[in-house]
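What you see below is based on every heavy atom in this structure, not just the backbone, and it leaves out hydrogens, waters and symmetry mates. Being a predicted model, the structure only gives us computed values, none of them experimental.
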Amino acid sequence: MAEYLIAFNAEWTPDATFEQMQVKSRNVRALVDEMKAAGVLIFTGGLDDDAPVFSVDASSGTPLFTDGPYVESKEHLGGFAVVDVADEQAARLWAGKIAVACDWPQEVRRFQVPGRYSGDPAS
């Protein structure tokens, strides 16, 4: 089994009426129930645009917290699901279902295998 992040950029979401968002919400709730029943859903969520955003940088050895968001940032995560599936084909299946339920694009990324990192020649 492999874990995948299925996420969307907030800029990818088209404007929608309240009624359209209600339909999308019902579709997503039904899909989340399907993912739970299939045993693939680890976690899903959307980000709260009204909550404080901050960054932390510890490159100096001491954590330095900075308020955000940054206006110059063109992209930011809008929402995501983490799934545990057999392979890439299964990740594509669920990402496709999410894209249909939300009616906007999704990006899929596999998490690193524990104990390996991208610079490891064995990975």
Side-chain angles (χ1 to χ4, degrees):
M1 298 294 276
E3 294 174 350
Y4 287 82
L5 172 70
I6 303 170
F8 67 90
N9 180 313
E11 289 186 339
W12 300 344
T13 60
D15 290 334
T17 65
F18 178 76
E19 292 77 17
Q20 290 169 322
M21 288 306 292
Q22 284 183 313
V23 170
K24 291 176 193 297
S25 181
R26 282 192 299 272
N27 293 344
V28 169
R29 280 195 304 272
L31 181 56
V32 166
D33 289 343
E34 181 183 351
M35 294 169 79
K36 286 178 181 177
V40 301
L41 182 66
I42 294 175
F43 182 80
T44 189
L47 302 182
D48 184 348
D49 288 336
D50 296 327
V53 177
F54 57 89
S55 299
V56 60
D57 179 355
S59 59
S60 68
T62 303
L64 173 64
F65 293 86
T66 307
D67 290 336
Y70 300 102
V71 177
E72 66 272 11
S73 177
K74 291 184 178 181
E75 298 181 357
H76 65 279
L77 187 63
F80 63 93
V82 178
V83 297
D84 189 8
V85 295
D87 53 26
E88 182 182 319
Q89 182 178 353
R92 287 174 178 266
L93 170 86
W94 290 107
K97 289 182 178 212
I98 293 170
V100 168
C102 293
D103 193 28
W104 52 67
Q106 302 292 311
E107 179 177 291
V108 182
R109 294 179 179 250
R110 188 179 74 192
F111 283 94
Q112 291 181 351
V113 177
R116 290 191 181 162
Y117 64 94
S118 59
D120 184 351
S123 51

**Study point:** Residue Glu19 excluded, over 12 heavy atoms near CD under 6.0 Å
**Key:** yes
Check your understanding: How long is the span from the CG atom in Asp103 to the CE atom in Met21, to the nearest 0.5 Å?
Key ->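 Those atoms lie 10.5 Å apart.
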**Study point:** Atom pair CG (Leu5) and CZ (Arg110), whose distance is rounded to the nearest 0.5 Å
**Key:**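 Reported to 0.5 Å precision, the distance equals 13.5 Å.
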Point to revise | Other ILVMFWY residues reachable from Val23 by side-chain steps of under 4.5 Å | key: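 None, because no other hydrophobic side chain comes under 4.5 Å of this residue.
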Review point. For Tyr4, what are the other residues in its hydrophobic cluster, where any two members join if their side-chain heavy atoms are less than 4.5 angstrom apart?
Key: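 Reading the cluster by chain and number, Tyr4 sits alongside Ile6, Val28, Leu31, Val32, Met35, Val40, Leu41, Val83, Val85, Leu93, Trp94, Ile98, Val108.
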**Study point:** Pairs where residues 84-102 contributes a residue and the test salt bridge (charged side-chain N to carboxylate O under 4.0 Å, His left out) is met, not counting sequence neighbours
**Key:** Glu34-Lys97, Glu88-Arg92
Review point. If you look at every heavy atom in Ala16 and Lys24, which pair is closest and at what distance?
Key: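 In this case the closest contact between Ala16 and Lys24 is CB-CE, 4.4 Å.
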Revision key, fill the gap. Nearest heavy-atom contact between Gly45 and Phe43 is N-CE2, 4.3 Å
Check your understanding: Hey, does the side chain of Thr44 reach the backbone of Phe80 with a donor-acceptor pair shorter than 3.5 angstrom?
Key ->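 Side chain of Thr44 to backbone of Phe80, a donor-acceptor pair under 3.5 Å: yes, one is there.
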Practice item. Output, in order, the C-alpha distance, side-chain angles, deciding distance and verdict of side chain to side chain contact (heavy atoms under 4.5 Å, CB included) for Phe111 and Val82. Key: CA-CA 9 Å; Phe111 283 94; Val82 178; 3.7 Å; yes
